[in-house]
Engineer: 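Got a structure for you, questions after.
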2 protein chains.
Amino acid sequence: MIYRVSFPLENTYVNVREGTTVLDAEIAADLRPDAPCGGLGICGKCRVEIIAEDGTRKSVLACETKVTRDLTVYVDSDEDHRILTEGSGTVSELSPAVRSVPLTVEKATLDSPSSGWERLKKAVFKACGTELKPDPLMADGLEKTLDLLRYTPQAVLYHDELLALRECGRMLSAAVDIGTTTIVLYLLDQETGEVLATESMLNPQTEFGADVISRADYAVKHTPEALARAVRGAVNELLRKALDTAGAAKDDLFSVVIVGNTCMHHLFLGIDPRSLVLSPYVPSISEPLVLRASDYGLETHKNAKLFLLPCIAGFVGADTSAVMVSCSADQLDALTLMIDIGTNGELVLSDGSRFAACSTAAGPAFEGAKITFGMRGAEGAVDHADIKNGALTYSVIGSGKPRGICGSGLLDLTAALLRAGILDETGRFQDPDELPEESLPLAGRLQDIDGLRSFVIAEENETASGKRIYLSQKDIREVQLAKGAMAAGISLMLEHLGRKVTDIEKVLIAGAFGNYMSPKSACAIGLLPGVLLPRIEAVGNAAGTGAIMCAQSEPCFTRAREMASRTEFIELASNPAFQDRFVEELMFPEES
Amino acid sequence: MIYRVSFPLENTYVNVREGTTVLDAEIAADLRPDAPCGGLGICGKCRVEIIAEDGTRKSVLACETKVTRDLTVYVDSDEDHRILTEGSGTVSELSPAVRSVPLTVEKATLDSPSSGWERLKKAVFKACGTELKPDPLMADGLEKTLDLLRYTPQAVLYHDELLALRECGRMLSAAVDIGTTTIVLYLLDQETGEVLATESMLNPQTEFGADVISRADYAVKHTPEALARAVRGAVNELLRKALDTAGAAKDDLFSVVIVGNTCMHHLFLGIDPRSLVLSPYVPSISEPLVLRASDYGLETHKNAKLFLLPCIAGFVGADTSAVMVSCSADQLDALTLMIDIGTNGELVLSDGSRFAACSTAAGPAFEGAKITFGMRGAEGAVDHADIKNGALTYSVIGSGKPRGICGSGLLDLTAALLRAGILDETGRFQDPDELPEESLPLAGRLQDIDGLRSFVIAEENETASGKRIYLSQKDIREVQLAKGAMAAGISLMLEHLGRKVTDIEKVLIAGAFGNYMSPKSACAIGLLPGVLLPRIEAVGNAAGTGAIMCAQSEPCFTRAREMASRTEFIELASNPAFQDRFVEELMFPEES
């Protein structure tokens with residue numbers, strides 16, 4: 001049987017076979033539902049309301065509800081995410097890889113009957129000293145083209161490759177940061193270096209799982225095709241918007257630079273990510289790539305080039321290379337720790353000559369996936385919090401009632417609970433009667449919920465959903481695991497380079513979470529060593545900035561290759577010292 | 001209205017719209033009719049028999065007869081052409097551009113988690129010192145492939161490009177000579193150099209016109225697509241046959257080398273040939289090309305390379321480059337004249353250091369297009385003839401009744417008529433009463449037919465068609481034009497290099513016509529200077545041989561590039577001395 005599933009809020013419907021889950025119906029209707037667990041029924045993030053047979057609304061998990069009749073579904077819309085698009089880092093000189101060169105081509109005569117290509121080649125050589133590579137596709141109809149352009153065309157060149165012959169026109173490029181959660185695209189004017197438009201959206205692959213592991217699993221089970229199609233489609237959507245904003249045409253877009261973690265990189269390319277998720281977790285290919293954008297379905301000039309920055313390891317990707325470019329890691333003169341906390345947490349430690357890198361699974365806790373009321377940094381998220389004089393205060397993105405807790409809120413809450421003595425240094429919630437004097441007014445918030453000691457942030461009447469929001473003992477354990485891994489990673493990298501923590505002169509924190517989190521809270525819970533607090537600096541979307549820099553300057557792309565190939569990757573899982581250090585770092589620091 | 005056109009001899013039929021010509025119906029039925037004039041109704045070569053409304057058979061021109069009812073058509077089948085596939089020339093050493101290298105690839109471990117591509121690259125570098133170029137398509141699923149091949153694959157490489165990873169297997173290549181009239185394909189074993197199979201067929205583009213000009217006109221009018229499709233399809237047909245003969249699979253075929261005149265070269269590539277047929281007659285592209293065979297629809301291994309030899313000018317193509325390779329023109333130590341008479345006549349004069357080349361329109365006369373009873377060297381063609389003691393003798397290919405006259409027969413007949421005093425040195429047929437004594441018995445053969453003095457070769461009862469076969473005054477004029485152009489070309493090339501005719505120590509004649517023609521007759525009519533008679537040598541299908549040599553040896557391909565770029569092309573049309581020399585050379589030589 002075929003049933004109709006209607007989505008009144010989205011003004012759409014879809015026909016599906018009996019037994020299809022509501023989640024799959026949402027996917028089929030292109031609603032891009034948020035299903036961080038990949039439809040396993042464990043994250044509860046895909047909750048929707050359906051009209052029950054008695055006409056009342058009923059809340060169900062979309063991934064667990066099968067369609068057995070015509071159905072009306074109200075999806076809890078979750079738009080307007082806070083996506084970080086700004087970052088620091090600039091190029092010293094504009095020198096993009098693709099350039100436009102004015103030519104003067106000779107006409108053929110009976111006395112000098114050289115081929116169209118030979119005369120073109122001569123003109124290119126004269127204009128810029130490049131020996132053009134023969135290309136029969138570009139040679140087709142060449143004489144007619146030259147004639148139309150009065151033998152004085154602009155040649156668009158990538159090294160010795162001819163991409164186009166045309167009248168003068170704009171030269172545009174795009175830099176794209178494909179995050180696991182969000183995709184940001186910058187449209188650039190190649191001649192001025194100006195960012196003409198910035199567009200972003202959630203990565204539509206979310207419907208196949210929130211994290212790289214569930215997406216890789218999906219790709220291994222079903223081929224990477226659907227995931228590749230989803231992300232390429234999203235890049236095209238952003239490209240169209242950006243071109244529209246800039247009043248520009250896709251035929252003026254000759255280069256696209258892409259960064260992303262290794263799984264995003266492989267999935268964009270349509271490469272089976274199997275080897276990434278099976279020990280020893282290696283990429284299929286990590287070299288920097290120069291490809292043809294149209295081969296990957298991108299809506300650019302048909303001969304536009306596509307640049308992918310190098311990956312470093314299975315869990316240290318092209319986004320980390322881009323962060324290194326953005327921080328000019330090869331020109332540092334002091335020991336610097338670079339941290340990019342996105343859905344995963346990648347760490348690079350460098351003094352400008354040696355580079356150590358590792359990856360930790362810190363992200364999921366801070367991006368909301370494993371936290372009961374965790375959510376992305378979107379409207380309704382508790383993003384900052386404090387406990388003072390026995391009172392909890394918090395701020396909510398968008399200033400309405402809270403809907404959940406995002407990463408920076410989680411950090412603040414954990415730090416505040418520690419400071420208030422509600423959590424002890426082992427991460428255990430105190431019994432209400434063990435609380436220090438000044439925290440006694442909060443004792444009522446400590447409740448056992450579903451068998452777990454929990455701290456209530458907002459009661460039913462204070463929330464957007466009418467359900468109370470709390471942090472459970474399990475949530476705190478997730479924070480400990482994340483911070484333990486991060487701290488152990490930092491410690492092992494220092495050891496690898498033979499340095500100690502006080503040698504670190506600068507901590508650059510990239511990524512959205514890094515940007516919004518409170519450094520003080522990060523140090524308070526031991527995510528970062530407390531001694532580094534005054535040296536912490538947020539650098540915004542450094543991966544995006546690195547991509548922009550590579551689009552503006554080919555030498556930056558070359559430096560990315562250089563840095564990536566020299567980076568010493570530290571595999572934490574195989575390191576016997578890691579478990580030891582990790583367990584040690586699970587404890588919260590004693591209050592300093 | 002739609003009518004059915006049936007072809008009983010071919011056991012096929014086709015449904016066409018009212019008003020379609022019978023020629024177009026034949027094309028639609030894939031019968032590849034022979035229409036040298038391109039359907040202009042002037043060559044008479046497309047004659048077929050139809051069943052008239054009264055039930056009798058009626059002979060009509062297919063290009064001029066429109067379908068206005070259901071029709072039964074008997075096509076004068078013209079199979080079993082004599083196609084020259086043998087040539088001389090060998091390589092000193094097998095060193096094909098694409099090679100197979102055995103590898104030992106390391107496995108990844110947690111301690112050394114390099115990407116699959118990195119480990120592959122390392123293995124290739126170790127095996128042959130090549131720095132492999134990154135290729136995301138080949139990287140997809142790499143670990144699985146390596147595992148299946150137990151980490152000891154054979155890598156098939158073209159320089160730094162990886163074409164395949166596989167178990168050991170055959171390494172095959174193909175050399176293809178795309179002539180205007182015929183296509184010859186050789187399937188080669190790369191490891192032994194052996195020719196495993198030779199296949200040939202008529203160029204199916206014939207249905208769009210016999211000569212390059214009519215085909216180029218068709219392409220300009222209708223886009224080159226149909227012509228490109230036809231020739232690529234033919235190459236695939238030959239490939240399939242050859243692979244079948246050799247008991248080999250297309251997945252073992254990793255390189256294809258193609259030669260052909262500039263128009264065939266452009267049409268194979270799908271390049272608009274407009275600039276070739278408009279003054280100043282220049283190619284769009286003449287450089288040697290290394291492409292991907294599958295991009296041109298060839299049925300090879302999907303990553304096989306496609307090599308096209310360089311062209312020299314609009315009417316001196318890659319086939320001439322191949323002739324130069326086959327004759328080792330860059331290693332000559334004596335002044336040598338190389339002549340390739342196919343559908344066009346290309347001439348190269350070289351002493352091993354300088355190369356002069358030109359093109360003459362000598363071919364059409366010798367390939368039958370412009371001669372009343374001209375035909376290709378196929379069954380039924382008069383291929384040799386003589387007049388002795390007042391009697392005409394001739395031989396016919398296949399030994400049946402004659403159907404027409406091919407190039408070598410035309411040459412012999414013209415020479416014999418001159419010798420017998422039936423033609424004078426201006427090319428005029430004598431009146432019957434002016435004939436010398438010994439030729440009087442032939443006077444009856446001199447007749448006025450359709451207003452033209454003609455010499456009858458075979459009477460109605462002696463021919464296959466029941467129609468008499470003759471040479472008309474117009475046919476003789478065509479021979480004069482062809483030989484005048486050729487002789488003038490030779491003369492101008494000698495002048496260009498500052499040499500005289502007696503300096504020529506060797507005349508190498510390539511191509512089918514060159515192989516079957518009588519050198520004596522060629523000199524007797526002045527196609528070649530008489531003094532060179534003892535120095536004439538037939539070298540068979542030298543273009544095909546050159547293609548084979550380039551498939552067997554990359555240095556040969558490189559030498560082709562070198563020779564082509566150094567060749568001084570002499571444009572006859574623009575040369576003021578040409579008309580003068582041409583008119584001078586129109587006369588037949590006085591009998592020596």
Side-chain angles (χ1 to χ4, degrees), chain A residues 107-121 132-144 146 224 262 265-266 268-272 274-276 278-291 295-296 308 310-315 565 569 571 573-575, chain B residues 107-121 132-144 146 224 262 265-266 268-272 274-276 278-291 295-296 308 310-315 565 569 571 573-575:
Chain A
K107 289 185 192 179
T109 62
L110 276 169
D111 289 331
S112 167
S114 7
S115 73
W117 195 265
E118 266 170 90
R119 284 173 283 122
L120 183 69
K121 199 170 156 182
L132 206 57
K133 192 166 79 176
D135 179 345
L137 283 174
M138 293 298 301
D140 183 22
L142 181 56
E143 211 64 47
K144 208 170 147 190
L146 290 174
T262 310
H265 170 276
H266 278 38
F268 177 87
L269 293 172
I271 292 179
D272 182 351
R274 186 183 311 251
S275 67
L276 293 177
L278 297 176
S279 175
Y281 316 108
V282 294
S284 285
I285 189 163
S286 51
E287 276 82 0
L289 298 172
V290 183
L291 306 166
D295 285 348
Y296 295 85
L308 284 103
C311 296
I312 292 163
F315 285 97
S565 70
F569 171 67
E571 170 60 56
S574 72
N575 197 320
Chain B
K107 288 185 193 181
T109 63
L110 276 169
D111 289 331
S112 167
S114 8
S115 73
W117 194 265
E118 267 171 89
R119 284 174 282 121
L120 182 71
K121 199 171 154 180
L132 207 56
K133 192 166 79 179
D135 179 346
L137 282 174
M138 294 298 300
D140 183 21
L142 181 56
E143 211 63 47
K144 208 170 148 190
L146 289 174
T262 309
H265 169 277
H266 278 38
F268 177 87
L269 293 172
I271 293 179
D272 183 350
R274 188 183 309 250
S275 67
L276 294 177
L278 297 177
S279 174
Y281 315 108
V282 295
S284 285
I285 190 163
S286 51
E287 276 82 359
L289 299 172
V290 182
L291 307 165
D295 285 348
Y296 295 85
L308 284 102
C311 297
I312 292 163
F315 285 98
S565 71
F569 171 67
E571 170 60 54
S574 73
N575 197 319

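Model, not experiment: these values are computed from the prediction. Letters A, B, ... mirror the listed sequences (proteins, then strands); counts begin at 1.
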Engineer: With only heavy atoms counted, which part of A/P288 is less than 4.5 Å from chain B, the side chain, the backbone, both or neither?
Structural biologist: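 Backbone of A/P288 only, per the 4.5 Å heavy-atom cut-off to chain B.
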Engineer: With only heavy atoms counted, which part of B/L291 is less than 4.5 Å from chain A, the side chain, the backbone, both or neither?
Structural biologist: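 B/L291 touches chain A through side-chain heavy atoms alone.
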Engineer: I need the full list of salt bridge (Lys or Arg N to Asp or Glu O under 4.0 Å) pairs touching residues 108-119 of chain A, with sequence neighbours left out, sorted by first then second residue.
Structural biologist: A/R119-A/E143
Engineer: Below 4.5 Å from any heavy atom of chain A, which atoms of B/D135 appear? Answer side chain, backbone, both or neither.
Structural biologist: backbone
Engineer: Please flag which part of B/T262 lies under 4.5 Å from any non-hydrogen atom of chain A: side chain, backbone, both or neither.
Structural biologist: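 The answer is neither part of B/T262.
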Engineer: When heavy-atom pairs shorter than 4.5 Å are enumerated against chain A, which of B/P136, B/S286, B/S275 gives the highest number?
Structural biologist: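 So the answer, after comparing B/P136, B/S286, B/S275, is B/P136.
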Engineer: Heavy-atom distances under 4.5 Å only: say whether A/I312 touches chain B with side chain, backbone, both or neither.
Structural biologist: neither
Engineer: Of all of B/V282, B/L137, B/I285, which one pairs up most often with chain A through heavy atoms under 4.5 Å apart?
Structural biologist: B/I285
Engineer: With B/D272, which residues qualify under salt bridge (Lys or Arg N to Asp or Glu O under 4.0 Å), at least two apart?
Structural biologist: B/R274
Engineer: Checking B/F268 against chain A: side chain, backbone, both or neither under 4.5 Å from a heavy atom?
Structural biologist: neither
Engineer: Enter the distance from B/S284:OG to A/L146:CG here, rounded to the nearest 0.5 Å.
Structural biologist: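 Going from OG on B/S284 over to CG on A/L146, the span is 9.5 Å.
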Engineer: Which atoms of B/A108 come close to chain A, meaning under 4.5 Å heavy atom to heavy atom: side chain ones, backbone ones, both, or neither?
Structural biologist: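 Its backbone and side chain both get close to chain A.
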Engineer: With a 4.5 angstrom heavy-atom cut-off, could you sort out which part of A/K144 is near chain B: side chain, backbone, both or neither?
Structural biologist: side chain
Engineer: Looking at A/G314, A/A313, A/C311, A/S114, which has the largest count of heavy-atom pairs under 4.5 Å with chain B?
Structural biologist: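 Max contact count across the listed options: A/S114.
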Engineer: Under a 4.5 Å heavy-atom cut-off, does chain A meet the side chain of B/K107, its backbone, both or neither?
Structural biologist: neither
Engineer: Measure A/K133 against the heavy atoms of chain B and call it side chain, backbone, both or neither at under 4.5 Å.
Structural biologist: neither
Engineer: Hey, which of B/P224, B/G116, B/S115 has the most heavy atom pairs under 4.5 Å with chain A?
Structural biologist: B/S115
Engineer: Given the options A/V290, A/L289, A/N575, which has more heavy-atom pairs under 4.5 Å with chain B than any of the others?
Structural biologist: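 Looking at each of A/V290, A/L289, A/N575 in turn, A/L289 comes out on top.
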